[in-house]
Engineer: 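Structure incoming, see below.
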Number of protein chains: 2
Amino acid sequence: MDGTTQLDGKARRTTARRAQTRRRLLDAALRAFAEEGFGRTTVESVCARAGFTRGAFYSNFSSLDELFLAMWEERSARMLHDLREALAQVPAAAPEEALRAALAAVGVDDEWHRITAEFTAHALRTPGLRRIVAAREQAIRETLVPVLTGALRRAGRDVPDEAALGSALVAVHDGTSVQVLLEPGSEDALRHREELFRHVLYAYSRPTPRDAGALEPPAPEETPHPEEPHRA
Amino acid sequence: MDGTTQLDGKARRTTARRAQTRRRLLDAALRAFAEEGFGRTTVESVCARAGFTRGAFYSNFSSLDELFLAMWEERSARMLHDLREALAQVPAAAPEEALRAALAAVGVDDEWHRITAEFTAHALRTPGLRRIVAAREQAIRETLVPVLTGALRRAGRDVPDEAALGSALVAVHDGTSVQVLLEPGSEDALRHREELFRHVLYAYSRPTPRDAGALEPPAPEETPHPEEPHRA
DNA sequence: CGTATCCGATACGTTCGCGTATCGGGAGGG
DNA sequence: CCCTCCCGATACGCGAACGTATCGGATACG
């Protein structure tokens with residue numbers, strides 16, 4: 001928000017290295033939590049990674065939880081931002097392409113997955129945190145859905161229940177990420193993930209009904225997918 | 001496996017209370033890990049819950065990891081067993097019914113979900129554990145799939161890629177469980193979960209092709225679902 | 001260039017949990 | 001009924017991490 005020296009005339013004085021220190025601590029926290037786990041990470045470990053002693057830490061944060069939350073919100077917001085950007089650059093594409101862009105933006109990041117998985121589990125125990133995580137999930141759904149429904153509509157498909165599609169996509173992302181990471185290098189897991197996404201996309205949409213019966217009225221229902229590239 | 005006093009004539013002597021002690025420690029471990037998290041659970045906490053001191057613990061296990069793993073494998077095996085039983089009692093049912101039975105057997109258990117989620121994240125850091133978790137997931141898939149494909153076939157639907165269906169179901173279970181737990185009491189989350197399962201079931205199966213064109217050859221493809229009970 | 005202030009390093013005492021070594025009560029066998 | 005051996009409790013020392021209080025070098029400003 002600030003970053004420079006003075007704010008407007010009555011604020012803090014020196015804020016130059018302080019910002020750098022914060023930054024290094026935030027970055028170190030990501031690595032520490034990813035490598036050591038949410039529950040086993042210590043203040044000392046984070047400081048060591050950042051090249052500080054605990055003095056620096058307690059001067060900037062009051063607890064590990066606070067540092068973690070700051071780091072998580074930052075990374076999470078960055079991810080959401082990247083997602084928006086990636087989707088913005090898919091102007092009039094097929095849904096497949098929009099989906100592929102979204103997946104590329106989100107990715108299946110090992111470190112980040114471990115962190116969020118453990119944090120989510122922790123949040124389930126802590127009402128305040130639970131609400132924060134739930135809100136973030138909702139934001140992700142609300143970013144994703146309009147773009148995909150747009151792409152689907154342009155491809156001639158309606159989405160009757162957008163909320164359902166959103167939940168489904170997030171659930172599928174979470175669930176398949178674990179599988180991909182559990183079997184590193186597995187071609188199958190990745191293919192199954194992609195296949196499931198495609199299925200969901202089509203299962204939660206249907207051919208746009210032409211208002212007063214125009215084109216292709218004889219075809220009664222549903223040609224499942226453009227192609228079915230998986231070998232039987 | 002034994003539970004009584006002697007094994008065959010050359011084994012340990014007293015094994016009566018020892019077994020009880022083990023049991024109480026295993027049960028206490030479940031509660032402790034669920035409430036305090038995987039990384040923050042201490043030996044003392046488990047012992048206190050079980051009504052012992054650390055002496056009992058170190059007499060039965062050599063590390064907390066060992067106790068955790070024993071507990072996890074037991075509960076996990078029990079879950080798998082319940083699943084098999086529940087599915088065995090769905091003799092010639094519709095796939096919907098088999099699915100419902102499976103979901104009821106597995107359920108969305110808060111405690112258990114937190115434990116497995118954190119443990120899985122931990123296992124991703126530890127090759128040995130990673131393989132154990134992956135194997136367990138595979139066992140679950142292999143239990144689930146044949147029953148469901150059987151039910152689907154009896155309902156006149158083929159499953160072209162059973163492995164894909166298995167992964168999809170497990171992924172959907174994991175992914176939607178988090179959502180259901182993140183929004184406690186949310187009718188929507190539960191409904192979305194069920195809906196997604198149904199979609200997956202049908203997306204990964206197709207009407208059995210009558211060998212030499214028998215019934216309903218005119219219908220070109222796919223009547224999506226029997227009913228679509230969700231309100232728009 | 002001086003000086004006031006900031007901020008991270010250092011030093012300190014404390015608490016928590018660990019793992020081991022030893023003890024004593026009670027369960028089983030003769 | 002004794003007596004042996006098991007097994008969980010107790011006692012002990014240790015190391016890790018914590019949070020605070022204080023110090024000294026760096027930094028911004030006049």
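Just so we're on the same page: letters track the sequence lines, and every chain starts at 1.
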Engineer: Before accepting this row, confirm whether a basic side-chain N of the pair B:Arg114/B:Asp110 lies closer than 4.0 Å to the acidic partner's carboxylate O.
Structural biologist: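 Yes.
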Engineer: May I ask you to check whether A:Gln138 and A:Glu142 show a side-chain donor-acceptor distance below 3.5 Å?
Structural biologist: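 The answer is yes; a qualifying pair exists.
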Engineer: Are the side chains of A:His173 and A:Val106 in contact, using a 4.5 Å heavy-atom criterion?
Structural biologist: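 Yes - at least one pair of side-chain heavy atoms lies under 4.5 Å apart.
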Engineer: Under a 3.5 Å threshold, yes or no: a donor from one side chain and an acceptor from the other, between A:Ser167 and B:Arg193?
Structural biologist: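 Distance-only check fails for A:Ser167 and B:Arg193.
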Engineer: Strictly by modelled atom types, are B:Ser186 and B:Arg191 linked by a side-chain donor-acceptor pair under 3.5 Å?
Structural biologist: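 On atom types as modelled, these side chains do not qualify, holding no pair under 3.5 Å.
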Engineer: Restricting to ring-ring contact (aromatic ring centres under 6.0 Å, His included), what partner residues turn up for B:Phe33, sequence neighbours left out?
Structural biologist: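 ring-ring contact (aromatic ring centres under 6.0 Å, His included) list for B:Phe33, sorted by chain: B:Phe38, B:Phe68.
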Engineer: Expected output is a numbered-order residue list: members of residues 37-48 of chain A with a heavy atom under 4.0 Å from any atom of DNA chain C. What is it?
Structural biologist: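 Hits under 4.0 Å, by residue number: none.
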Engineer: Is the closest side-chain heavy-atom distance between A:Tyr202 and A:Glu96 below 4.5 Å?
Structural biologist: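 In short, these two side chains touch, coming nearer than 4.5 Å.
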Engineer: Using the side chain to side chain donor-acceptor pair (under 3.5 Å) rule, pick out the option among B:Glu36, B:Glu35, B:Arg31 that qualifies with B:Ser45.
Structural biologist: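 Testing each of B:Glu36, B:Glu35, B:Arg31 against B:Ser45, the sole residue satisfying side chain to side chain donor-acceptor pair (under 3.5 Å) is B:Glu36.
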Engineer: Expected output is a numbered-order residue list: members of residues 49-71 of chain A with a heavy atom under 4.0 Å from any atom of DNA chain C. What is it?
Structural biologist: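 Close to the strand are A:Gly51, A:Phe52, A:Thr53, A:Arg54, A:Gly55, A:Ala56, A:Ser59, A:Asn60.
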Engineer: Using a strict cut-off of less than 4.0 Å between a Lys/Arg side-chain nitrogen and an Asp/Glu carboxylate oxygen, indicate whether B:Arg141 and B:Glu162 qualify as a salt bridge.
Structural biologist: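 B:Glu162 and B:Arg141: not salt-bridged.
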Engineer: Return no unless some side-chain N or O of B:Thr21 is found under 4.0 Å from OP1 or OP2 of D:dC7.
Structural biologist: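 For D:dC7, neither OP1 nor OP2 has a side-chain N or O of B:Thr21 closer than 4.0 Å.
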Engineer: Tell me which pairs pass salt bridge (charged side-chain N to carboxylate O under 4.0 Å, His left out) where either residue lies in residues 119-135 of chain A, with sequence neighbours left out.
Structural biologist: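 Sorted result for residues 119-135 of chain A: A:Arg125-B:Glu118.
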Engineer: Charged N to carboxylate O below 4.0 Å: is that the case for B:Asp27 and B:Arg24?
Structural biologist: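 The answer is no: the pair does not qualify as a salt bridge.
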Engineer: Describe, as an angle rounded to 10 degrees, how the axis at the first end of the helix from C:dC1-D:dG30 to C:dG30-D:dC1 is tilted relative to the axis at the last end, five pairs per end.
Structural biologist: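 The two end axes of the helix from C:dC1-D:dG30 to C:dG30-D:dC1 meet at 20°.
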Engineer: What I want to find out is whether A:Arg78 reaches A:Glu73 closely enough, with some N-O distance under 4.0 Å, to be called a salt bridge.
Structural biologist: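 A salt bridge is absent here (no side-chain N lies under 4.0 Å from a carboxylate O).
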Engineer: Can a side-chain donor-acceptor contact be found between B:Glu183 and B:Gln179 if the only test is distance below 3.5 angstrom?
Structural biologist: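 No, no side-chain donor-acceptor pair sits under 3.5 Å.
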Engineer: May I have the distance from B:Arg22 (atom CZ) to D:dG8 (atom P), rounded to whole angstrom?
Structural biologist: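 Taking CZ of B:Arg22 and P of D:dG8, I get 11 Å after rounding.
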Engineer: What are the atom names and distances for every N/O pair under 3.5 Å that joins the protein to nucleotides 22-26 of chain D?
Structural biologist:
from, atom 1, to, atom 2, distance (Å)
D:dG25, N2, A:Arg17, NH2, 3.4

